[in-house]
Amino acid sequence: MLIDCDPGVDDAIALLTAMSRADLVGITTVNGNVGIEHTTHNALAIAQIAGVEVPIHRGAARPLVAPTMDAAHIHGATGLGSIELPALSRDVDSDDAVGFILDMARSVDNLHLVAVGPFTNIALALRRDPTLPQRLGGFTIMGGAAGPGNVTATAEFNVWADPEAAAMVFNEFPMLTMVGLDVTHKVLLGPAERDRMRAAGTPASLLAAGLLDHAVTVASEIRGCAGAPIHDASAVMAVLRPDLFQGRSHPVSVELHGPLTRGMTVVDQRVDGRNGTNESPANAHVLFDAQADQVVTEIVDAVIGLQVQG
Ligand code: BDR
Ligand code: CA
């Protein structure tokens with residue numbers, strides 16, 4: 001697995017989950033929840049705290065066309081709530097996330113690319129090498145929604161933050177797995193999960209508990225919910241345990257122009273036979289549901305079980 005991300009509270013828990021349960025060949029960072037300096041610093045700090053050695057490459061500092069926006073009001077000014085990060089003991093392996101993604105796609109058999117931030121790096125990779133889709137074993141994104149958005153009434157953050165990049169990705173990948181808000185809003189981690197993480201007392205689980213303190217507070221303030229959607233960790237689990245998720249394949253396009261709909265993923269769910277025809281073939285397996293309790297348990301178990309290397 002290779003994760004392209006913008007940590008971000010939920011990205012951080014996704015990374016810890018993948019570090020524990022996946023064969024993680026690398027991490028690439030992108031501007032998104034906060035600026036590229038913070039997302040990259042956070043990726044390095046998360047790996048350091050978890051005691052995991054993994055290549056980390058810095059990626060795009062701004063969207064393809066759209067102005068730079070962030071989600072610091074959700075994730076905190078640094079992107080990781082109020083977590084105090086250690087001084088870094090290493091730097092990134094390069095500033096060429098796109099080159100790294102393409103190298104890995106060429107050299108790793110059956111690589112699964114998981115993109116959980118705005119899709120700028122992936123679009124730039126497609127531009128540099130349009131054969132990228134054929135070189136991957138799978139491509140899963142956290143992004144989009146068939147139902148309501150979370151930044152606007154119609155748009156989800158990762159698509160909204162760089163809609164032109166998202167449009168390229170949906171247009172050029174023959175098939176991807178879309179872990180959108182339809183499913184991520186059903187997988188909630190709350191105080192019980194935070195307490196389990198904290199009680200485990202490992203560096204990774206204490207970090208995750210601190211992040212959940214922040215996420216649970218924000219979720220109760222913004223959504224009035226006791227639990228928080230840890231979107232990106234759900235995307236990682238959808239790769240590791242696809243049996244715990246249910247979806248359908250549909251044609252999906254990204255709306256770029258409407259003043260009310262820019263950044264919307266238009267999921268064609270018509271049941272009159274026109275959905276997924278030759279004219280407009282299905283290009284996304286859209287997840288709608290999950291065995292939420294089991295997914296939550298798997299995420300917590302993964303973080304608690306993360307072994308420090310060396
Ligand atoms: C997505 O947007 C970001 O704020 C999160 O990290 C997640 O990837 C949810 O809409
Ligand atoms: Ca993210």
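This chain uses plain numbering: 1 for the first residue, then up along the sequence. In each ligand, atom 1 is the first atom listed, and ligand 1 is the first ligand listed. Any value given below was found using the heavy atoms of this structure, including those in side chains, with hydrogens, waters and symmetry copies removed. Since the model is a prediction, treat every value here as computed from it, not as a measurement.
- Within the protein, the number of N/O/S atoms found under 3.0 Å from the Ca ion (ligand 2) is 5.
- The aromatic rings of F288 and H250 sit perpendicular to each other, their planes meeting at more than 60°, with 30° as the lower class boundary.
- One side chain, H57 or S94, offers a donor N or O that lies under 3.5 Å from an acceptor on the other.
- Between T28 and D4, the side chains place a donor N or O and an acceptor N or O closer than 3.5 Å (distance only, hydrogens not considered).
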Quiz item: Under the side-chain hydrogen bond (donor to acceptor under 3.5 Å, both in side chains) criterion, do R135 and T131 qualify, and how do the steps go?
Solution: CA-CA 7 Å; R135 296 181 184 278; T131 69; 2.8 Å; yes

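- Residues R248 and D289 are not paired through a salt bridge, judged by the lack of any N-O separation under 4.0 Å between the basic side chain and the carboxylate.
- A donor-acceptor contact closer than 3.5 angstrom is absent between the side chains of E156 and T265.
- Sorted by first and then second residue, the pairs that involve residues 225-237 and meet side chain to side chain donor-acceptor pair (under 3.5 Å), not counting sequence neighbours, are T184-H231.
- Within 4.0 Å of ligand 1, heavy atoms belong to protein residues D10, D11, N33, H75, V116, M142, N150, E156, F157, N158, H231, D232.
- The hydrophobic cluster containing I74 also includes V218, I222, under a criterion of side-chain heavy atoms closer than 4.5 Å among ILVMFWY residues, counted directly or through chains of members.
- The shortest side-chain heavy-atom distance between Q48 and S89 falls under the 4.5 Å cut-off.
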